[in-house]
Amino acid sequence: ISPGTSLLMTLVYVLRMVCCCLFDPDNTGYISTEKFRSLLQRHGSELDPHKLEVLLALADSNSEGRICYQDFVNLMSNKRSNSFRQAILQGNRRLCSKALLEETGLSLSQRLIRHVAYETLPREIDRKWYYDSYTCCPPPWFMITITIVAFFLYNGVVLDRYVLQVSHPLYLKNALLYHPQLRAQAWRYLTYIFMHAGIEHLGLNVVLQLLVGVPLEMVHGAARISFVYIAGVVAGSLAVSVADMTAPVVGSSGGVYALVSAHLANIVMNWSGMKCQFKLLRMAVALICMSFEFGRAVWLRFHPSAYPPCPHPSFMAHLGGVMVGITLGVIILRNYEQRLQDQTLWWIFLSIYVIFVLFAIFWNIFAYSLLDLKLPPPP
């Protein structure tokens with residue numbers, strides 16, 4: 001450890017000990033409400049108004065005359081525990097200041113952050129917290145990277161063609177898409193998202209991925225949103241290998257449908273709290289677009305193949321993504337900045353997902369030979 005780092009760690013330790021002596025001298029893990037209020041009175045003008053409002057709600061919601069010291073420390077370091085969240089929700093009725101939507105004089109970036117907050121979060125206290133703490137560091141890199149690099153860089157630079165139609169001779173002759181004869185190549189269960197069946201297929205997925213995925217990543221972070229996206233992608237290819245065993249699969253619909261279905265389900269479950277404009281009309285448009293794309297995939301699957309004897313790609317990846325979205329995705333979106341391991345439903349849905357993945361793996365190992373299927377020849 002360098003001398004500068006050692007000195008910084010020492011200063012942090014000393015400051016923490018001073019805070020413990022001032023606010024929790026008996027080391028009980030709690031500070032009294034009176035000390036908490038006196039602290040707010042002395043230093044409230046130095047805090048952001050939204051954070052001060054959250055602190056006051058925490059003090060007003062407590063009926064035991066004490067506040068968890070760790071909740072206080074978490075708040076000052078822009079973290080929130082589940083107990084703190086419950087205290088704020090109980091105290092939310094006492095908040096009387098104007099809503100974030102009514103604030104004026106905001107810059108363009110502030111209006112954008114406020115817009116994203118109202119698009120994704122159902123509670124005003126969460127929207128204010130997000131508006132206060134968002135710093136755009138890191139930016140929503142995952143959705144942008146996987147859209148631009150994965151789709152356009154690979155297709156445009158490597159294949160010298162931005163979109164491969166299903167009738168193109170290179171459509172099946174690449175190392176990315178999932179093909180039942182090549183299912184032992186495990187990377188194909190994930191990399192099939194880099195290939196699409198046509199310009200309309202690519203276009204709709206890109207639009208939904210950017211319009212829905214980027215705001216969700218700005219609010220919930222790259223780790224959680226990438227987990228939902230990749231879980232939907234893997235569930236989509238495994239669903240094809242189990243339910244539509246003779247078909248290949250291409251496109252990012254598994255991941256896109258996981259995000260969109262989770263977002264739409266979260267809006268429906270928190271309908272009264274969601275304040276996004278024209279939410280009914282926009283939900284209808286999103287459902288129509290998803291239904292159109294899914295209907296097109298079903299029609300294409302049973303349409304005579306343009307590249308016989310291999311059939312057109314399967315539509316089962318869409319359904320796999322939807323199932324991930326309305327289970328794991330909804331749990332993640334409903335628990336903004338909260339520990340998922342504290343949620344019982346998270347463990348239930350995660351266990352179901354793991355069981356499905358293990359079942360699909362064994363199915364791919366044994367079922368194809370036992371059923372004696374006539375698979376299309378490898379490309």
Side-chain angles (χ1 to χ4, degrees), residues 143 146-147 150-152 154-156 159 161-174 176-180 188-213 228-229 232-265 281-326 329 376 379:
M143 299 307 305
I146 204 156
T147 300
F151 296 160
F152 297 105
Y154 180 84
N155 289 283
L159 300 178
R161 185 174 290 266
Y162 283 102
V163 180
L164 289 179
Q165 300 289 340
V166 292
S167 58
H168 195 274
L170 292 179
Y171 164 62
L172 291 174
K173 296 180 179 179
N174 65 79
L176 297 181
L177 90 165
Y178 168 83
H179 191 282
R188 293 177 179 265
Y189 290 89
L190 182 62
T191 58
Y192 74 91
I193 66 173
F194 299 157
M195 305 300 297
H196 284 76
I199 188 65
E200 64 281 357
H201 188 203
L202 173 64
L204 185 58
N205 279 347
V206 167
V207 170
L208 289 175
Q209 195 162 275
L210 292 178
L211 290 182
V212 177
V228 176
Y229 185 87
V233 169
V234 174
S237 55
L238 290 177
V240 172
S241 69
V242 171
D244 196 2
M245 301 170 66
T246 62
V249 62
V250 293
S252 60
S253 297
V256 171
Y257 274 55
L259 293 179
V260 175
S261 59
H263 181 51
L264 295 181
L281 175 62
R282 291 161 62 181
M283 277 197 63
V285 171
L287 290 174
I288 290 173
C289 291
M290 293 173 66
S291 301
F292 169 79
E293 205 275 331
F294 179 72
R296 174 192 170 280
V298 174
W299 174 84
L300 186 63
R301 171 67 180 89
F302 297 106
H303 191 267
S305 175
Y307 194 71
C310 188
H312 283 313
S314 175
F315 57 85
M316 290 301 299
H318 299 70
L319 301 181
V322 169
M323 294 306 298
V324 169
I326 62 177

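Closest heavy-atom contact between Pro180 and Ala247: CD-O, 3.6 Å. In this structure, Ser314 and Asp244 approach most closely via the heavy-atom pair OG-OD2, 2.8 Å. Nearest heavy-atom pair, Gly325 versus Ala262, reported as atom, atom and distance to 0.1 Å: O-CB, 3.2 Å.
Side-chain contact between Met143 and Leu259 is present, with at least one heavy-atom pair separated by less than 4.5 Å.
Between Arg282 atom CZ and Leu287 atom CG the span is 13.0 Å, to the nearest 0.5 Å. Between Leu300 atom CG and Phe302 atom CZ the span is 11.0 Å, to the nearest 0.5 Å.
Of the residues Ile193, Leu208, Val206, the one that meets the side chain to side chain contact (heavy atoms under 4.5 Å, CB included) test with Ser252 is Ile193.
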Give every donor-acceptor pair under 3.5 Å between a side-chain atom in residues 315-324 and any protein atom, sequence neighbours left out.
from: His318; atom 1: ND1; to: Phe315; atom 2: O; distance (Å): 3.1
from: His318; atom 1: NE2; to: Ser253; atom 2: OG; distance (Å): 3.3
from: His318; atom 1: NE2; to: Glu293; atom 2: OE1; distance (Å): 2.8

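A distance-only check finds no donor-acceptor pair linking the side chain of Tyr229 to the backbone of Gln209 [under 3.5 Å]. Side-chain atoms of Arg188 come within 3.5 Å of backbone N or O of Leu177 as a donor-acceptor pair. Judged purely by atom type and a 3.5 angstrom limit, Tyr192 uses its side chain to pair as donor or acceptor with the backbone of Val233.
Evaluation of the side chain to side chain donor-acceptor pair (under 3.5 Å) rule for Ser261 yields no partner, not counting sequence neighbours.
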Inset, instruction - Kindly indicate, with the supporting measurements, whether the criterion side chain to side chain contact (heavy atoms under 4.5 Å, CB included) is fulfilled by Met290 and Leu264. - result: CA-CA 12 Å; Met290 293 173 66; Leu264 295 181; 4.1 Å; yes
